[in-house]
*Asks:* 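Just passing along the structure, written as structure tokens.
No experiment lies behind these values; they were computed from the predicted model shown.
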Amino acid sequence: NGLASLKTPKVPKAPLPPMDQTNARRALANCASPLTFRVAYAGLYAGLRISESEQMSEDTWRNDWLTIIGKGAKKRRIPVHPKLAKVRPLILARSPNRRTLEVTWTRYRDKYDLRTIEGTKATPHTLRRTFATTMYDEGVPWEQVARLLGHGEDVTASYARISDDDLEQDVGVVRYNRGEPIQGRLFE
């Protein structure tokens, strides 16, 4: 009917920033209750959304793997980081709902002034972005980060903050002459 072309195109949201390493360490170091352990450790060591951390139970945590139902009812398996495994008894001590986890996180974040790299207040999703950025910074391929997070590479790319220095370094690895002189040397 021609009206489809009149619709306003979707404009992608600017990606939310992750936490820096100092704030991530502070988030982990100050956990004092099963709920703060659940949100902070599940986000920073497994990249779980708050709704996914709510699912963690004996049934979803088997043999050092978490089996989580994510967005779009996608089932995914995530290996359990050793630091997350250490706090398993604390995390599984309670079965909170999403609202309880959100309120707990807000109080915790405000008490310890947990912030993103841009200075905004950290959300539970910030922890997930920090997980993705840290993995990328450590050289984990996009495909693997995307699989752990349970979405496509295009979405994963918006999670990690890539600095101009990183881009410069990445471009600098391109070499075609393997140390041998290029014929002509016109531009040297």
*Asks:* Could you please spell out the steps behind the side chain to side chain contact (heavy atoms under 4.5 Å, CB included) verdict for Glu58 and Arg88?
*Replies:* CA-CA 10 Å; Glu58 293 291 343; Arg88 178 183 177 159; 2.7 Å; yes
*Asks:* Ignoring hydrogens and geometry, is there a side-chain-to-backbone donor-acceptor pair from Arg128 to Gly43 under 3.5 Å?
*Replies:*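 No, Arg128 side chain to Gly43 backbone: no donor-acceptor pair under 3.5 Å.
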*Asks:* For Leu66 and Trp61: C-alpha separation, side-chain torsions, deciding distance, then whether side chain to side chain contact (heavy atoms under 4.5 Å, CB included) applies.
*Replies:* CA-CA 5 Å; Leu66 284 168; Trp61 194 327; 3.8 Å; yes
*Asks:* Quick check against the 3.5 Å criterion: does Arg38 have a side-chain atom that pairs as donor or acceptor with the backbone of Pro96?
*Replies:*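 Judged by distance alone, no pair lies under 3.5 Å.
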*Asks:* Minimum heavy-atom separation for Arg115 and Gly119, please, with both atom names.
*Replies:*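 In terms of heavy atoms, the two residues are closest at NH1-O, 2.8 Å.
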*Asks:* Return yes if some donor-acceptor pair links the side-chain N/O of Thr120 with the main-chain N/O of Thr116 below 3.5 Å, else return no.
*Replies:*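 No, because the side chain of Thr120 does not come within donor-acceptor range (under 3.5 Å) of the backbone of Thr116.
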*Asks:* Could you grab the distance from atom CG of Asn97 to atom CD of Glu102, nearest 0.5 Å is fine?
*Replies:*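 Output value for this atom pair is 9.0 Å.
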*Asks:* Could you check whether any side-chain heavy atom of Pro79 comes within less than 4.5 Å of a side-chain heavy atom of Leu148, counting everything from C-beta outward?
*Replies:*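 Side chain of Pro79 against side chain of Leu148, heavy atoms only: contact under 4.5 Å found.
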*Asks:* Please check this pair: side chain of Arg62 against backbone of Thr67, looking for a donor-acceptor N/O pair closer than 3.5 Å.
*Replies:*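 No; zero donor-acceptor contacts below 3.5 Å.
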*Asks:* State, with a plain yes or no, whether a side-chain heavy atom of Asn23 is found less than 4.5 Å away from one of Thr126.
*Replies:*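 Side-chain contact under 4.5 Å: no.
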*Asks:* Hey, could you give me the OH/OG1 distance between Tyr108 and Thr36, rounded to the nearest 0.5 Å?
*Replies:*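 Reported to 0.5 Å precision, the distance equals 5.5 Å.
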*Asks:* Taking atom CE of Met19 and atom CG of Leu114, what is their separation to the nearest 0.5 Å?
*Replies:*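 So the gap between those two atoms works out to 4.5 Å.
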*Asks:* Any side-chain heavy-atom pair from Tyr45 and Leu28 closer than 4.5 angstrom?
*Replies:*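 Yes, close enough: below the 4.5 Å cut-off.
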*Asks:* How long is the gap from OG1 on Thr123 to CZ on Arg129, to the nearest 0.5 Å?
*Replies:*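 CZ of Arg129 is found 8.0 Å from OG1 of Thr123.
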*Asks:* How close do Phe37 and Ala32 get, counting heavy atoms only, and between which atoms?
*Replies:*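 That would be CE1-N, 4.2 Å.
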*Asks:* Going only through I, L, V, M, F, W and Y residues with side-chain contacts under 4.5 Å, is there a path from Val140 to Leu48?
*Replies:*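 Cluster IDs for Val140 and Leu48 match.
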*Asks:* Answer with yes or no whether the side chains of Asp137 and Thr134 bring together a donor and an acceptor at under 3.5 Å.
*Replies:*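 Not at all, the side chains of Thr134 and Asp137 share no donor-acceptor pair under 3.5 Å.
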*Asks:* Is there side-chain contact between Leu127 and Trp105, with heavy atoms separated by less than 4.5 Å?
*Replies:*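 Yes; the side chains approach each other to less than 4.5 Å.
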*Asks:* Working note: His125 + Ile50, criterion side chain to side chain contact (heavy atoms under 4.5 Å, CB included); need CA distance, chi angles, decisive distance, verdict.
*Replies:* CA-CA 7 Å; His125 210 75; Ile50 199 160; over 6 Å; no
*Asks:* When you look at Asp110 and Lys121, which way does the side chain to side chain contact (heavy atoms under 4.5 Å, CB included) test go after all the steps?
*Replies:* CA-CA 8 Å; Asp110 292 346; Lys121 291 181 177 183; 3.9 Å; yes
*Asks:* Quick check against the 3.5 Å criterion: does Tyr41 have a side-chain atom that pairs as donor or acceptor with the backbone of Lys83?
*Replies:*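 No: the side chain of Tyr41 does not pair with the backbone of Lys83.
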*Asks:* What's the shortest heavy-atom distance between Thr130 and Ala24, and which atoms?
*Replies:*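 It is CG2-CB, 4.3 Å.
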*Asks:* To check you understand the geometry: which heavy-atom pair defines the closest contact between Gly70 and Arg49, and what is its length?
*Replies:*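 Closest pair (atom of Gly70, atom of Arg49, distance): CA-NH1, 4.3 Å.
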*Asks:* Provide the closest heavy-atom pair for Phe131 versus Leu44 in the form atom of the first, atom of the second, distance.
*Replies:*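 What the structure gives for the nearest pair is CD1-O, 3.4 Å.
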*Asks:* Return the CD1 to OG distance between Ile69 and Ser51, rounded to the nearest 0.5 Å.
*Replies:*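 So the gap between those two atoms works out to 11.5 Å.
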*Asks:* Which heavy atom in Arg26 sits nearest to a heavy atom in Asn30, and how many Å separate them?
*Replies:*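 Closest pair (atom of Arg26, atom of Asn30, distance): O-ND2, 2.9 Å.
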*Asks:* State, with a plain yes or no, whether a side-chain heavy atom of Leu101 is found less than 4.5 Å away from one of Ser53.
*Replies:*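 SC-SC contact between Leu101 and Ser53 confirmed.
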*Asks:* Any heavy-atom pair between the side chains of Tyr136 and Trp142 that's under 4.5 Å?
*Replies:*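 Yes, close enough: below the 4.5 Å cut-off.
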*Asks:* Measure the spacing between CD of Glu54 and CZ of Arg99 and express it to the nearest 0.5 Å.
*Replies:*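 So the gap between those two atoms works out to 12.5 Å.
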